[in-house]
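Down below is the structure, laid out as structure tokens.
All values derive from a computational prediction rather than experimental measurement. Scope of the values below: all heavy atoms of this structure, side chains included, with no hydrogens, waters or symmetry mates.
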Amino acid sequence: MLKYYFDGSLTPTLFLKLLFPEITYLFHLYLTCYLFSIVNEQRESMNFALYSSNWTDMSIKFKKLLLLTMRMNDAENLKMKISMKRIVNMEMFADVRKINILI
């Protein structure tokens with residue numbers, strides 16, 4: 001896009017019309033990745049705190065409640081994923097940004 005703009009093929013108005021959706025898309029992607037990263041970190045810290053409690057010395061009722069709490073908190077699924085292999089985090093944002101720059 002910049003190449004066409006500096007070659008004179010694009011007018012400033014058309015350049016801005018093409019640039020603003022790209023900026024909006026990157027901003028939306030950044031916010032999504034940033035917020036999902038925060039949620040993933042908080043969920044991991046909550047699961048770690050639950051597991052690190054002195055649960056081995058507690059009663060069976062406490063152990064069952066702890067297990068239910070960890071299941072409710074999705075302890076077995078540690079990351080939020082958009083596909084089977086892609087985790088939503090800031091690294092994904094950096095990868096998408098690199099791809100957009102190369103295109």
Q: Give, for atom CG of Leu65 and atom CG of Leu50, the distance between the pair rounded to the nearest 0.5 Å.
A: 11.5 Å
Q) If every non-hydrogen atom of Pro21 is compared with every non-hydrogen atom of Leu16, which pair is closest and at what distance? A) CD-O, 4.5 Å
(Q) Can you tell me how far apart CG (Leu19) and CG (Leu14) are? Round to the nearest 0.5 Å. (A) 11.0 Å
Q: Write down the atom of Leu66, the atom of Trp55, and the distance for their closest heavy-atom approach.
A: CD2-CB, 3.4 Å
Q. Hey, what do you get for CG (Leu26) to CG (Leu31), rounding to the nearest 0.5 Å?
A. 11.5 Å
Q: For atom CZ of Phe62, decide whether the heavy atoms of other residues, nucleotides or ligands shown that lie under 6.0 angstrom number more than 12.
A: yes
Q) For Met58 and Lys63, which heavy atoms make the closest approach, and how far apart are they? A) O-CE, 3.5 Å
Q) What is the ring orientation for Tyr34 with Tyr30, classed by angle as parallel under 30°, tilted 30 to 60°, or perpendicular over 60°? A) parallel
